[in-house]
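Here is how names work: the chains are called A, B, and so on, in the same order as the sequence lines, proteins then strands, and each is numbered from 1.
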4 protein chains.
Amino acid sequence: MSPRTPEQFEEIRQQSRARIMEEALELFARQGFHNTSISQIAKAANVSKGLMYNYFASKDDLLEAIVRQEIEQGEDLMEILSSTTHDPYEQIQMIVTGAFQMVKTDLKHWKLITMLALQEEIMQRMSELLRQKTERGLEDAIRLFERMGVPDPKAEAYLFGATLDGIFLHFLSTGPMGVDYPLEQVQRSLLQRYEPYKTTTNED
Amino acid sequence: MSPRTPEQFEEIRQQSRARIMEEALELFARQGFHNTSISQIAKAANVSKGLMYNYFASKDDLLEAIVRQEIEQGEDLMEILSSTTHDPYEQIQMIVTGAFQMVKTDLKHWKLITMLALQEEIMQRMSELLRQKTERGLEDAIRLFERMGVPDPKAEAYLFGATLDGIFLHFLSTGPMGVDYPLEQVQRSLLQRYEPYKTTTNED
Amino acid sequence: MSPRTPEQFEEIRQQSRARIMEEALELFARQGFHNTSISQIAKAANVSKGLMYNYFASKDDLLEAIVRQEIEQGEDLMEILSSTTHDPYEQIQMIVTGAFQMVKTDLKHWKLITMLALQEEIMQRMSELLRQKTERGLEDAIRLFERMGVPDPKAEAYLFGATLDGIFLHFLSTGPMGVDYPLEQVQRSLLQRYEPYKTTTNED
Amino acid sequence: MSPRTPEQFEEIRQQSRARIMEEALELFARQGFHNTSISQIAKAANVSKGLMYNYFASKDDLLEAIVRQEIEQGEDLMEILSSTTHDPYEQIQMIVTGAFQMVKTDLKHWKLITMLALQEEIMQRMSELLRQKTERGLEDAIRLFERMGVPDPKAEAYLFGATLDGIFLHFLSTGPMGVDYPLEQVQRSLLQRYEPYKTTTNED
DNA sequence: CATGAATGAGATTTCATTCAT
DNA sequence: AATGAATGAAATCTCATTCAT
């Protein structure tokens, strides 16, 4: 009888929004943005087509919401790292391990962002959002390599990032979900590159 | 006024086909496959919509033709390399230089292939085609690193390939056509990695 | 905290109804009936969409209610006139002055009715309502001109009414709310037409 | 076998375009713009929905095309008048007769324009177009009344135009297509107004 | 009495493909 | 071999209306 409270409405909204975004991410990542229809998303999210437009002004808007969320998450990687160890090699190790872990479990986000990054038209709308995140990650990496004593930290940071993304790209391009991509081997090999910069004190 | 010979007809056909494929590649790479219409391609290729279907049975068919051509070209990279030098370091050098050269001038092909590779649905149709090419390149690289004496040649080959593709990916994702991506610096740094394996004595 | 009396409830109901109708009139007049959504009206009336259906069975019903109200008001123009003066010229004067006054302050009603009158489909539902009002006004005017001694009172009444509505139509069509429509001048000129029929001697 | 010539294509285009515009005008005038769907128009024009967009970029564009055509026609009313007679009273007579003739046969155009003129939102897009036409007609009328020797020619022109449009408005609002609107009577009465200004030479 | 989430029918628009010439 | 008009299916989007709370 009594109407729902604004809080209840807000919760319902959040749930529906989240479900839609989740399914949309899934589908966009698998099929691409332009190859995924609102109908598909609605069906996947178990929601009527019409409702989609209650939450997102347009398909473009939905995409933007997803990307924005993606970027706003994972904000504080470096902070987490710093709180665990101050040794730069160990931090690299953690980054690599973390990234490879992520890649195995949940590659949707990376895939979507990468696909978008390759489409100029879409990029223009997103570039502001993406630029920031990329830049921050890069700067963190540069500082890391500086502290490790690598000769050309900036170039190394670029190379490091490129290698990681390149691995994911190949992993994803190899058949259905990277079967027979030698992920572990590659990971080990990548880390070995930076072993020379391991801090001499207290190591194996 | 005299009727054209069958050969002339055939040549005209080939020219039209080529122009269509070229413009389609351009557009697909810039806007994505699903976001590019037949009309756009026809206009860009200065050809009527109807004529498109004289050359390609469907939009999908056009895409496949482009990808197939892409793959069939550049077939013989290693052969060219081998004919120039037998020193593996120099060959790596040439590969890297060549790739970085290509990236600056004509990235369309790489971009299109990569975009496609990320879309499962499209991939399925193409995977046969792509797998071959990737595999062959990989094997070549493994042999190269073996000859260089790198500890884990297979992993190194994977890393090497990933790094190259990662660089291109980042280059493309950085603003309009990679302005302010430090391509030269990165190239130098990448090559330095393999300098330790330079054969000091000049062999061949 | 004490429960409201039924009368209070009824009053609140009436207020809400009135506010909705007012805002709807505003929007319908500005944007047209089919171009105005229930959501817009609800927002403008500061009421939930659902509640709208508590007061009006449908959008059509809301429109009908507005038109009906419009018609039921202003019922007794002639009565008012008669009570003030019996001189027909003065009555014409009052009608004209009144109409021109109305036009400057609140043209919404006239506009809405006119827009509706031009749409056959809508008209059919409303025509019963509108016919009456028009007819009564017309008859009043005919009698007026008869008493003034105009040669063809019926035709004159038609002309008079047409001129008034035509003026309003032009006034509304001239830029934003009739800026630079010479309303005063036109009003004066219109009245001059009937000056010959002014009773020089004060009659009745 | 041989392709159609550009001229043939152009002719086909013009025919289809014309048919679509004609039917759209009919429907817009009867039902209103926002209350007429592209599907309805397509069906009426015996054409697929898709084809509509071959000729008009949008529904709005279609409307604009119709209005523009409407305005560009009937350009030279005054020129025609001048070529027939120089007597201003006779010209007025001709205008009135012509307008009343038009109103009986083909009121669609007037109706559509009038409906649009009442919708602010639509008007904004069209106002440039409409303003011109209105202004020109008005100026012509003012000059006419000047030559007739009417006391306040400007006000008279406004009144005259308003009366004409008002008559049409009432005619249209009276049941299905103005049955029982005394059009002839009103016409006669309107003309009588200007008889005093008939040129004294050679009259009845 | 009141809310706004949710629906579904239908509107506008797009586009690969066909076809008469 | 070549054209672009024409189609139809499907995509995006809108909105009056219903309903659980």
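For the side chain to side chain donor-acceptor pair (under 3.5 Å) test, residues two or more places apart in sequence or in another chain that qualify with Gln14(A) are Glu10(A). With sequence neighbours excluded, the residues that form a side chain to side chain contact (heavy atoms under 4.5 Å, CB included) with Ile113(D) are Val67(D), Glu70(D), Leu130(D). In this view, Asp61(D) satisfies the salt bridge (charged side-chain N to carboxylate O under 4.0 Å, His left out) rule with no residue, not counting sequence neighbours. Arg13(A) pairs by the salt bridge (charged side-chain N to carboxylate O under 4.0 Å, His left out) definition with nothing, not counting sequence neighbours. Partners of Gln69(A) under the side chain to side chain donor-acceptor pair (under 3.5 Å) rule, at least two apart in sequence or in another chain, do not exist in this structure. With sequence neighbours left out, the salt bridge (charged side-chain N to carboxylate O under 4.0 Å, His left out) criterion links Glu64(D) to Arg68(D).
The base of dA6(E) is paired with the side chain of Asn54(A) by a donor and an acceptor separated by under 3.5 Å.
Remark: Tyr55(D) is in phosphate contact with dA6(F), judged by side-chain N or O atoms under 4.0 Å from OP1 or OP2.
Atom CD1 in Ile20(D) sits about 14 Å away from atom P in dT13(E), given to the nearest Å. The separation between Gln8(A) atom CD and dA6(E) atom C1' is 16 Å, rounded to whole Å. If you measure from atom CE of Met52(A) to atom C1' of dA5(E), you get 15 Å, rounded to the nearest angstrom. Here the P atom of nucleotide dA11(F) and the CD atom of Gln31(A) are 11 Å apart, to the nearest Å. The distance from atom CG of Asn35(A) to atom P of dC15(E) is 13 Å, rounded to the nearest whole Å. Following rounding to the nearest Å, Arg13(A) (CZ) and dA6(E) (P) show an atom-to-atom distance of 9 Å. With rounding to whole Å, Glu11(D) atom CD is found 16 Å from dG4(F) atom P. Per the geometry, CD1 belonging to Ile12(D) stands 9 Å off C1' belonging to dG4(F), to the nearest Å.
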Please tabulate, for side-chain N and O atoms in residues 44-55 of chain C, each donor-acceptor pair with protein atoms closer than 3.5 Å (sequence neighbours left out).
unit_1	atom_1	unit_2	atom_2	d
Ser48(C)	OG	Leu51(C)	N	3.2

Name each donor-acceptor pair under 3.5 Å that joins a side chain in residues 27-34 of chain B to protein atoms two or more places apart or in another chain, with its distance.
unit_1	atom_1	unit_2	atom_2	d
Gln31(B)	OE1	Thr36(B)	OG1	3.1
Gln31(B)	NE2	Gln40(B)	OE1	3.1
His34(B)	NE2	Asn35(A)	OD1	3.4
His34(B)	NE2	Asn35(A)	ND2	3.3

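Across all strands shown, Leu51(B) has heavy atoms under 4.0 Å from base atoms, whether or not it also approaches the sugar-phosphate. In this structure, Phe56(B) reaches neither bases nor backbone, as no heavy-atom distance under 4.0 Å exists between it and the strands shown.
Considering only heavy atoms from C-beta on, Gln119(D) stays 4.5 Å or farther from Met126(D) through its side chain.
Looking at Lys111(C) and Glu26(C), no side-chain N of the basic residue comes within less than 4.0 Å of a carboxylate O on the acidic one, giving no salt bridge.
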Using Watson-Crick and G-U wobble pairs with both distances under 3.5 Å, what is the 5'-to-3' dot-bracket string of DNA chain E, with [ ] for crossing pairs and | for pairs outside the strand? .||||||||||||||||||||

Please determine whether side chain to side chain contact (heavy atoms under 4.5 Å, CB included) holds for the pair Leu116(D) and Leu63(D), giving the CA-CA distance in whole Å, both sets of side-chain angles, and the decisive distance to 0.1 Å. CA-CA 10 Å; Leu116(D) 296 179; Leu63(D) 177 63; 3.8 Å; yes

Would Ile41(A) and Leu62(A) count as a side chain to side chain contact (heavy atoms under 4.5 Å, CB included) here? Give the steps. CA-CA 11 Å; Ile41(A) 300 170; Leu62(A) 168 57; 3.9 Å; yes

Anything under 3.5 Å between a protein N or O and an N or O of nucleotides 12-14 of chain F, put it in a table, one pair a line.
unit_1	atom_1	unit_2	atom_2	d
dT12(F)	OP1	Lys59(A)	NZ	2.9
dT12(F)	OP2	Ile38(A)	N	2.8
dC13(F)	OP2	Tyr53(A)	OH	3.0
dC13(F)	OP2	Lys59(A)	N	3.0

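Looking at residues 40-48 of chain C, you'll see Ser48(C) sit with a heavy atom under 4.0 Å from some atom of DNA chain E.
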